[in-house]
Amino acid sequence: MDSLALGADLEPEPVVDEHSTVTLFVNGEETTLTVDHRATVLETLRERFGLTGAKKGCDHGQCGACTVLVDGRRINSCLLLAVTQDGATITTVEGLADGESLHPVQQAFVERDALQCGFCTPGQICSAVGMLREAADGHPSHVTGPDDATGPVALDAAEIRERMSGNLCRCGAYPRIVEAIEDVIE
């Protein structure tokens, strides 16, 4: 039997659109765009918005170089599909400053020289901003434990190190990063 005749009864495969239109509020600006269903928030920010602060480090959510704030919460943007974020508010390191005035965490990083090569710095800064909000909202960590967090969590060096442990720095700027964050909470 002819191999073409075997498939003659089959209907053609339906064409599936692999793109969707989403509206994102990025650094205070509303933008509607069509995204590929496979595109991550990181790829979308870098390629479609030209925001290159968040970096592609490990591409597995283990290094934190891609950390941004989504609806005020820190996330690894390399793991989050853009199509799932319709209506979300996304803040990158570029959106933290108020005009020419740096965000207090950005300013503290500069004053404490809390960086070396700078690759991880945008993710560290966004993570620190999100972490400060989490602590203020009473979210526990391994250091505080679930029974200890009944209100805002006091941030000492151990607590800061624990909460920032998802952000790696290959240069080893950790002591200055912790100091910079301590400067903001004092």
Side-chain angles (χ1 to χ4, degrees), residues 16-99 102-110 114-137 139 141 160-174 176-178 180-181 184:
V16 177
D17 188 10
E18 296 177 355
H19 295 80
S20 292
T21 301
V22 297
T23 299
L24 302 175
F25 298 85
V26 178
N27 295 334
E29 293 187 25
E30 178 180 351
T31 303
T32 299
L33 67 160
T34 301
V35 295
D36 185 300
H37 291 170
R38 299 164 295 181
T40 64
V41 169
L42 176 62
E43 293 163 341
T44 302
L45 290 171
R46 292 180 63 81
E47 297 168 13
R48 302 290 296 279
F49 288 88
L51 298 170
T52 57
K55 303 294 189 280
K56 187 177 216 175
C58 67
D59 209 23
H60 296 286
Q62 297 173 345
C63 72
C66 66
T67 304
V68 297
L69 302 170
V70 176
D71 295 330
R73 305 263 334 221
R74 55 189 171 150
I75 60 99
N76 293 324
S77 63
C78 72
L79 298 179
L80 193 62
L81 295 176
V83 72
T84 66
Q85 297 308 299
D86 188 27
T89 298
I90 300 172
T91 306
T92 67
V93 71
E94 294 94 340
L96 289 174
D98 183 13
L102 293 177
H103 184 281
V105 173
Q106 291 172 311
Q107 188 64 44
F109 268 64
V110 170
L115 55 108
Q116 285 184 33
C117 79
F119 187 83
C120 73
T121 306
Q124 295 276 1
I125 290 171
C126 283
S127 188
V129 170
M131 180 270 303
L132 290 168
R133 183 172 297 124
E134 291 166 13
D137 290 345
H139 294 274
S141 76
I160 292 169
R161 281 193 296 275
E162 170 63 25
R163 289 175 181 266
M164 293 293 293
S165 65
N167 290 80
L168 304 179
C169 173
R170 293 185 68 190
C171 300
Y174 298 116
R176 295 293 180 140
I177 291 169
V178 171
I181 294 170
V184 173

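Here the structure is a predicted model, which is why all the values come from computation and not from measurement. These values consider heavy atoms only, across backbone and side chains, with no hydrogens, waters or symmetry-generated copies. When a residue number appears, it is its place in the shown sequence, counting from 1.
Rounding to the nearest 0.5 Å gives a distance of 4.5 Å between OG1 of T92 and CG of L51. Annotation: the span from C58 atom SG to L79 atom CG amounts to 7.5 Å, rounded to 0.5 Å. Between the NE2 atom of H37 and the OG atom of S20 there is a distance of 2.5 Å, given to the nearest 0.5 Å. Put simply, CE on M131 and CD on Q124 are 10.0 Å apart, with the number rounded to the nearest 0.5 Å. Atom CG of L80 and atom OG1 of T40 lie 8.5 Å apart (nearest 0.5 Å).
Across all non-hydrogen atoms, the minimal contact from I181 to F109 is CG1-CE1, 4.4 Å. Smallest separation of non-hydrogen atoms from C66 and A54: O-CB, 3.9 Å. Contact between C63 and G57 at its shortest, heavy atoms only, is SG-CA, 3.8 Å. When all heavy atoms are compared, the tightest approach of R163 to S141 is NH2-N, 3.7 Å.
Taking the side chain as every heavy atom from C-beta outward, L69 and L96 approach each other to under 4.5 Å. Side-chain atoms of L24 and F49, non-hydrogen and from C-beta on, do get closer than 4.5 Å to each other. Using a 4.5 Å cut-off on side-chain heavy atoms (C-beta onward), D86 and T23 make contact. Between V68 and I75, some side-chain heavy-atom pair lies under the 4.5 Å cut-off. When side chains are defined from C-beta on, E43 counts as touching K56, because their heavy atoms get closer than 4.5 Å. Inter-residue side-chain proximity for M164 and V178 is flagged as unmet; no heavy-atom pair is nearer than 4.5 Å. You'll find the side chain of Q85 stays beyond 4.5 Å of the side chain of V22, heavy atoms only.
Side chain of E18 to main chain of R38: no donor-acceptor pair is present (N/O by atom type, distance under 3.5 Å, no hydrogens or angles). At least one donor-acceptor pair closer than 3.5 Å links the side chain of E94 to the backbone N or O of G53.
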(message) Test side chain to side chain contact (heavy atoms under 4.5 Å, CB included) on R170 and F119; report intermediate values, then the result.
(response) CA-CA 9 Å; R170 293 185 68 190; F119 187 83; over 6 Å; no
(request) Go through the steps to decide whether V26 and T31 satisfy the test side chain to side chain contact (heavy atoms under 4.5 Å, CB included), and finish with yes or no. (result) CA-CA 7 Å; V26 178; T31 303; 5.7 Å; no
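When each of V129, T91, D98 is paired with H103, the side-chain contact (heavy atoms from CB on, under 4.5 Å) condition holds for V129 and for no other.
Among residue pairs with one or both ends in residues 65-83, those qualifying as side-chain hydrogen bond (donor to acceptor under 3.5 Å, both in side chains) are T67-N167, R74-S127, R74-E134; sequence neighbours excluded. A side-chain hydrogen bond (donor to acceptor under 3.5 Å, both in side chains) check over residues 44-53, counting only residues at least two apart or in different chains, returns nothing.
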